[in-house]
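Because only heavy atoms are used, hydrogens play no part in the values below, and waters and symmetry mates are left out as well, while side chains stay in. This one's a predicted model, so the numbers in the text were calculated from it and none came from an experiment.
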Amino acid sequence: MKSVNVGLCGLGTVGSGTFNVMQRNLEDIARRAGKPVRITHVGARRDNPACHLGSVKVSRDIFDVARDPDIHILVELIGGNDVAKELVLEAIKHGKHVVTANKSMIAIHGNEIFKAAEAQGVVVTYEAAVAGGIPIIKGIREGLVANDIKWLAGIINGTGNFILTEMQEKGRAFADVLQEAQELGYAEADPTFDVEGIDAAHKLTILASIAFGIPLQFDKVYTEGISQITREDVKYAEELGYRIKHLGFTRKTNEGVELRVHPTLVPSKRLLANVNGVLNAVLVEGDAVGPTMYYGPGAGSEATASSVIADIVDIAREIDNAGNVPHLGYSSETENMPVLPVSEIVTAYYLRITVKDEIGQMANIARIMSEKGINIEAIIQKEPEDDSAVVPLILLTHPVREHRMDDAISAMQALESVTKPIVRIRVEQLDG
Ligand code: HSE
């Protein structure tokens, strides 16, 4: 039986995990693939003491792996965008299949990479790019293939979820928890990617494409981070029966696709609201199956390696017949479906409005909401927390189109009695 030779580029966190799990489970992997699958060439600038490379060929120039005639599958785990893309295109040019965990490269350059792969008759797989060890790509692209996917919502950044969980459970401040997340090694090299939602937007771009059959459109994702979330908002949300989660959310509507990452109030009783710490989860609503949820580690050396190796084995099984599952699975009918600007989305809102503690202020707010045709679902007024004579008004609304809420917020903000910027957090019931 012909064995499959794998070239591994990158020996960092995920690369070393992939190498070690491949070595450790070599026999099981061969049994499951139906043929021996071996890492025979490693490309890395330096060795990693966590990996015993033994007699495996090592190149300091990763492009040597892409050009190695004995390699069938190149595994790109170097991260970053430009060099990674160049490496992948070089491997494709040399007829190699590619496995990658690189979310930003796929979200930004995936359309070009898949086109090149299709022209060469090779496949590029990317299970580990979204939600680390959770097999969500296979889940949607294969397991849910029968369904018309309606929407999906994901906690797809572990660092952000860890921060919000600590704020909620221990009342800790944002900056304090972020520092701990960095020390624990959860955060991206640039932690703004985590807290400002860029990492989640990369992953959501990929999920929306495979769910709805649209091309990858990272530049159209509305992205809002969690750095403005305060302990007060976490507390008020809890009182109203909600938790604040940093969600990647995408929904197909008659007008187009909503594609957004932002803090979201989720009812506390939902399973997704109870996904805590660094864990990830993705809730997918299909027309046939209904809601299904996928939960597990979204990062980590061997957890992410688990997804990388699943892709390697998939390709190894089909090595002479690769390409049965389309890269994104979109057809000419769906690829032109528009992505809606955030002003056109429809959602409910949590508002925290700081007003002077004077007669008639609640009435002013209610009048503006009524003039703008916005239905208030719940309202609470808190006592002043100090002697400043201002009070927080907390409102939950029914769903409304975002530009109408923008108008209402501008009108309320213009009131002389509203003393601070109005806090707005979107609310999703996630009940199908
Ligand atoms: N920084 C990412 C996270 C790592 O926190 O989820 C996995 O992509």
Side-chain angles (χ1 to χ4, degrees), residues 103 106-107 110-111 114 125-132 134-157 200-218 220-223 245-262 264 266-267 270-273 275 280-296 298 307 310-311 314 324-342 344-347 399 426-432:
K103 53 218 162 179
I106 292 294
N111 296 322
F114 296 147
T125 56
Y126 48 89
E127 180 64 69
V130 181
I134 307 173
I136 184 64
I137 304 291
K138 271 183 229 310
I140 298 175
R141 219 168 50 154
E142 300 174 38
L144 299 183
V145 71
N147 289 262
D148 178 14
I149 307 284
K150 301 296 183 190
W151 54 263
L152 68 82
I155 295 173
I156 43 181
N157 181 269
H202 288 144
K203 296 166 180 166
L204 184 72
T205 300
I206 298 171
L207 289 175
S209 288
I210 58 168
F212 303 133
I214 54 174
L216 298 151
Q217 296 167 84
F218 170 68
K220 295 194 182 150
V221 184
Y222 171 77
T223 306
K245 290 291 180 189
H246 200 194
L247 290 193
F249 187 82
T250 183
R251 169 163 52 204
K252 191 166 62 175
T253 75
N254 290 335
E255 294 135 15
V257 174
E258 295 182 7
L259 203 49
R260 46 193 169 103
V261 172
H262 52 70
T264 311
V266 177
R270 296 264 175 275
L271 217 46
L272 197 64
V275 172
N280 282 197
V282 184
L283 177 58
V284 187
E285 174 82 17
D287 70 331
V289 70
T292 55
M293 196 167 108
Y294 309 81
Y295 167 81
S307 287
D311 274 349
D314 258 5
N324 284 343
V325 182
H327 286 114
L328 292 172
Y330 62 81
S331 67
S332 53
E333 271 169 42
T334 53
E335 72 181 333
N336 295 322
M337 194 158 28
V339 173
L340 297 175
V342 73
E344 293 300 325
I345 69 163
V346 177
T347 186
R426 297 170 189 87
V427 181
E428 295 294 343
Q429 296 298 330
L430 305 179
D431 57 358

task = Carefully, step by step, assess Lys138 and Asp311 under the rule side-chain contact (heavy atoms from CB on, under 4.5 Å).
result = CA-CA 9 Å; Lys138 271 183 229 310; Asp311 274 349; 3.3 Å; yes
task = Given side-chain contact (heavy atoms from CB on, under 4.5 Å), test Val282 with Lys203 step by step and report yes or no.
result = CA-CA 11 Å; Val282 184; Lys203 296 166 180 166; over 6 Å; no
inquiry  = Let's go through Val284 and Val289 carefully: what are the C-alpha distance in whole Å and the side-chain angles of both, what is the deciding distance for side-chain contact (heavy atoms from CB on, under 4.5 Å) to 0.1 Å, and is it a yes or a no?
reply    = CA-CA 9 Å; Val284 187; Val289 70; over 6 Å; no
request  = Let me see the working for Thr250 and Leu207 under side-chain contact (heavy atoms from CB on, under 4.5 Å), right down to the final yes or no.
outcome  = CA-CA 9 Å; Thr250 183; Leu207 289 175; 5.5 Å; no
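Here the closest non-hydrogen pair linking Ala201 and Phe218 is CB-CE1, 3.7 Å. Contact between Ala208 and Leu259 at its shortest, heavy atoms only, is CB-CD1, 3.4 Å. The shortest non-hydrogen separation linking Ala273 to Pro267 is CB-O, 3.3 Å. Residues Leu272 and Ala281 share a closest heavy-atom pair of CD1-CB, 3.7 Å. Taking each heavy atom of Leu216 and Gly110 in turn, the nearest pair found is CD1-CA, 3.5 Å. Ala131 and Asn280 make their closest contact through CA-OD1, 3.5 Å (heavy atoms, listed as atom of the first residue, atom of the second, distance).
In this structure the side chain of Val261 reaches within 4.5 angstrom of the side chain of His246, judged on heavy atoms. Contact annotation: the side chain of Ile206 approaches that of Ile137 to within less than 4.5 Å [non-hydrogen atoms, C-beta and beyond].
Put simply, the side chain of Lys220 never gets that close to the backbone of Pro338: no donor and acceptor are under 3.5 Å apart. Remark: the backbone N or O of Pro215 is paired with a side-chain donor or acceptor of Gln217 at under 3.5 angstrom. Side chain of Glu127 to main chain of Ile136: a donor-acceptor pair is present (N/O by atom type, distance under 3.5 Å, no hydrogens or angles). Distance alone, capped at 3.5 Å, is enough to place a donor-acceptor pair between the Arg251 side chain and the Val346 backbone. Of the possible polar contacts, one joining the Ser307 side chain to the Gly132 backbone as a donor-acceptor pair under 3.5 Å is found. Counting only distance, with no hydrogens or angles, the side chain of Glu258 and the backbone of Phe249 share no donor-acceptor pair below 3.5 Å. Put simply, the side chain of Arg426 never gets that close to the backbone of Thr347: no donor and acceptor are under 3.5 Å apart. Put simply, the side chain of Asp287 gets close to the backbone of Asp148: a donor and an acceptor are under 3.5 Å apart.
A distance of 11.5 Å separates NE2 of His202 from CD1 of Ile106, quoted to the nearest 0.5 Å. Taking CD of Glu428 as the start and CZ of Arg260 as the end, the distance is 4.5 Å to the nearest 0.5 Å. Thr205 contributes atom OG1, which lies 11.5 Å from atom CD1 of Ile210 (distance to the nearest 0.5 angstrom). Of the inter-residue distances, the one linking Ile155 atom CD1 with Leu247 atom CG reads 6.0 Å to the nearest 0.5 angstrom. Distance check, rounded to the nearest 0.5 Å: CG of Leu340 to OG1 of Thr253 gives 4.5 Å. Between the CE atom of Met293 and the CG atom of Leu152 there is a distance of 13.0 Å, given to the nearest 0.5 Å.
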